[in-house]
Amino acid sequence: MRERDAANTRKLMERQLSKEEQEEITRRSQAMDKNDTSDLRKFSRQAYLQKRRDKKIDEIRDEILDHEYIFQDVKLTEAEEKEFRYKKKIYDLVKEHVESADDVAEYKMPEAYDMGDSVNQEKRFSVAMQRYKDPEARDKMNPFAEQEAWEEHQIGKSKLQFGSKDRKRSSDDYQYVFEDGIDFVKSSVIEGTQHEEDSDQEDIDEKDMLKRELQDERKTLPIYKFRDELLKAVEEYQVIVIVGETGSGKTTQIPQYLHEAGYTAKGKVACTQPRRVAAMSVAARVSQEMGVKLGHEVGYSIRFEDCTSEKTLIKYMTDGMLLREFLGEPDLASYSVVMVDEAHERTLSTDILFGLVKDISRFRPDLKLLISSATLDAEKFSDYFDSAPIFKIPGRRYPVEVHYTKAPEADYIDAAIVTVLQIHVTQPPGDILVFLTGQEEIETIDEILKHRTRGLGTKIAELLICPIYANLPTELQAKIFEPTPEGARKVVLATNIAETSLTIDGIKYVVDPGFCKIKSYNPRTGMESLLINPISKASANQRAGRSGRTGPGKCFRLYTSYNYMHDLEDNTVPEIQRTNLANVVLTLKSLGIHDLVNFDFMDPPPSEALLKALEQLFALSALNSRGELTKTGRRMAEFPLDPMLSKMIVASEKYKCSDEVISIASMLSVGNSIFYRPKDKQVHADNARLNFHTGNVGDHIALLNVYNTWKETDYSTQWCYENYIQVRSMKRARDIRDQLEGLLERVEIEISSNASDLDAIKKAITSGFFHHSSRLQKNGSYRTVKNPQTVLPRWVIYHELVLTTKEYMRQVTELKPDWLVEIAPHYYQLKDVDDTGTKKLPKGQGRAAL
DNA sequence: GACGACAAA
């Protein structure tokens, strides 16, 4: 019965889709007639968004069916029942909406979600937003119900609780615990700023009340007092640097002030964020404050989701998205104000944006620029923007006591453990946040802490240990947001993810060993490295601040104050100086910026890196010998991928296997988080993984196999679980793949499948990655963890080269050496690949053989 | 024996 329903729904949706597609095809041909590529781009985006919506609906339906199937004989708790009913209701609403939409012949975008009364933007996004805002709802929205069995187990492991719940804390008996306590000296207090009382608010349903309250709340923000002064400054100067500490309200308020002052009459106000979640949640908040629907006057734009319309006046977006918009609108004509928020983070995209907006501000005197940063080095921003005035806004933060160790600690892992236990038995209630460098370290400390607290039994209060890092399955991540039970204490073991990307309430103590992993790039060898480095002062202060969010906090630094003063750099080296610039160069070239060496970077990257990037792009024939963009280069720039991946896709046209190649490109660009290996089931996980390698096909084809098999199972979550594959990563790969598929049309590459000819696929890969070839050496060999081949191939091509604990090639596939000469004759000659001789590899390539 | 921190298009 239900299955038939589902089948009907699907048919319904398919019919609708094909209708839309027809619509779209006629529109596209009209656009073609006009030879208007921007229209073409718009239509392909619209079609893509439409398709994505249908896919999402399918996903919800599948979840419901899965749920019914799996739990048919299981008695559910009330909460689980409720969650299920909730999910079903959403589906019914959406279905009803889609069916009614089906009657409408017209193509409506981008307000497609907002027809009829049954479903509206607000509702739709309130659900999406809940995920990010409300920890309870986050659990309700659990889209991975099937995995719970496994995760239950993992959660049990990660949250084993020791100690006694009702043991009262006292500081008398901490001698029991340590023979090796650490001496800290309180050396400074980071001052808090006046904090006004937040009155607890009753839940009032009436819209007007809510709106009035929100308006009142706006007035309590520190920035409110500076409103008129700020607006005056904006009127007077073209560029302003704003220093606003956390909690000042700058991100939500400034765009609204500008709107109220009439700037939106002349064009949109853009506000860029380094992270997707931030762009979404801030936009949601502002639309609420203004009492408008999200996506109308206030909207956001991030990859895979464009929640804006013609009405949109205030647009929050990721910085990478604004960079992409530059490609279509090089003078940002539709904007009157651009606010670059969180500029102190100095992401790759913000650094490029700096150069671009500075440039256009010269010939667009009407364009206002606001550069907002949370740190003290505003002078630097000001200097860069021709001595722009600096506007300071106080924040709202509680004081944080900073403690340093008296003497340097030899082993920071051990020191961190001792400090956590010391805090646990001597300090008043409040959760602890420990900053560590990576997954492995977190797991180690997790185990040691459990071991040591277990021995203490009921002598101490309960200690909940919660690990968090980006690759941790989503459901386990959610656990850190659960409120700590009465009488217990939570200790969060986190990577740098907790420094900026997520905030955990209730943290009162921060333990900072002073290290993190930093990626850097050596342009000479083309090798990336990911090594543990000391953090910067800015980073240390950011970490300390994490303890003062909800009340006065304490930060324990596991180094001396002398170390802090003399050994730490002021700021972390900006990303642009430690990364492969091929993508940056391609973007700038396609914006028509030719003189890259003299491009006005705030912190110029090493010229060696620029040259290497130019060289690479030339080798990929994206640039000609005069350094101008070629047709291939222009096509490559359309793809949001690194140039070698883009080239691989462009080359797939020739080998008639674009279908397979975009799957591989998507899988490669989600990174290394596809397979997981639970510690207790490593052998099973490895075996499951070997299945995709049958026939010694190489890592690239194995990734393709993974994707295709998942697709054949109708994108089943259950299947992922059985094969030790992370659903989250697969869904991301699917999103990327859909996007790439849309872009293929834009650059006029036909989608063609050639699954039986693996050599054709490998040749396409080689066209992008011939740079990354490597030959087995007589002395020992290259090696790779990822590739489980038993017979070592003499020639391989790899995706990337990384130095961690050793040098690694990642994602390796065997290759016939004569392909190199065939595909990249400008780069390889016959003598280079002559297997019988002892000729060396071309310059630079020798390093690849490890 | 020993695997990758974070983010984005």
Describe the nucleic acid contact of A/Leu323 in one word from base, sugar-phosphate, nothing, applying a heavy-atom distance below 4.0 Å. nothing
Roughly how many Å is it from NE2 in A/His344 to C1' in B/dA7, rounded to a whole number? 14 Å
Does a nitrogen or oxygen in the side chain of A/Ser673 sit under 4.0 Å from OP1 or OP2 of B/dG4? no
Check every strand shown and say whether A/Tyr469 touches a base, only sugar-phosphate, or nothing at a heavy-atom separation below 4.0 Å. sugar-phosphate
Quick one: side chain to side chain donor-acceptor pair (under 3.5 Å) partners of A/Glu499, sequence neighbours excluded? A/Ser539, A/Arg543
For a quick check of understanding: with a heavy-atom distance under 4.0 Å over all strands, which category does A/Thr347 fall into, base, sugar-phosphate or nothing? nothing
Between B/dA8 (P) and A/Leu645 (CG): distance, integer Å: 18 Å
Residue whose closest nucleotide on DNA chain B lies nearer the 5' end, A/Glu440 versus A/Pro640: A/Glu440
With a non-hydrogen cut-off below 4.0 angstrom, is A/Thr437 in contact with a base, only sugar-phosphate, or nothing? sugar-phosphate
Taking only residues two or more places apart in sequence, or in another chain, which ones meet A/Asp411 in a salt bridge (charged side-chain N to carboxylate O under 4.0 Å, His left out)? none
Does either side chain, that of A/Asn571 or that of A/His344, offer a donor lying less than 3.5 Å from an acceptor on the other one? no
Whole-Å gap separating C1' (B/dA8) and CG (A/Asp306): 16 Å
Can you check whether A/Ser501 has a side-chain N or O nearer than 4.0 Å to OP1 or OP2 of B/dA7? yes
Nearest-angstrom distance from the residue atom CD of A/Glu443 to P of B/dA2: 17 Å
Would A/Glu638 and A/Arg324 pass as an ion pair if we require N to O under 4.0 Å? no
Please confirm whether the shortest side-chain N or O distance from A/Arg275 to OP1 or OP2 of B/dC6 is below 4.0 Å. no
Assign A/Asn583 to base, sugar-phosphate, or nothing according to its heavy-atom contacts below 4.0 angstrom with the strands shown. base
Both A/Glu575 and A/Asp686 contact DNA chain B. Which one's nearest nucleotide lies toward the 5' end? A/Asp686
Rounded to whole Å, CD1 of A/Ile736 lies from C1' of B/dA9 at a distance of 9 Å
Specify the separation, in whole Å, of atom CG of A/Leu348 and atom P of B/dA9. 13 Å
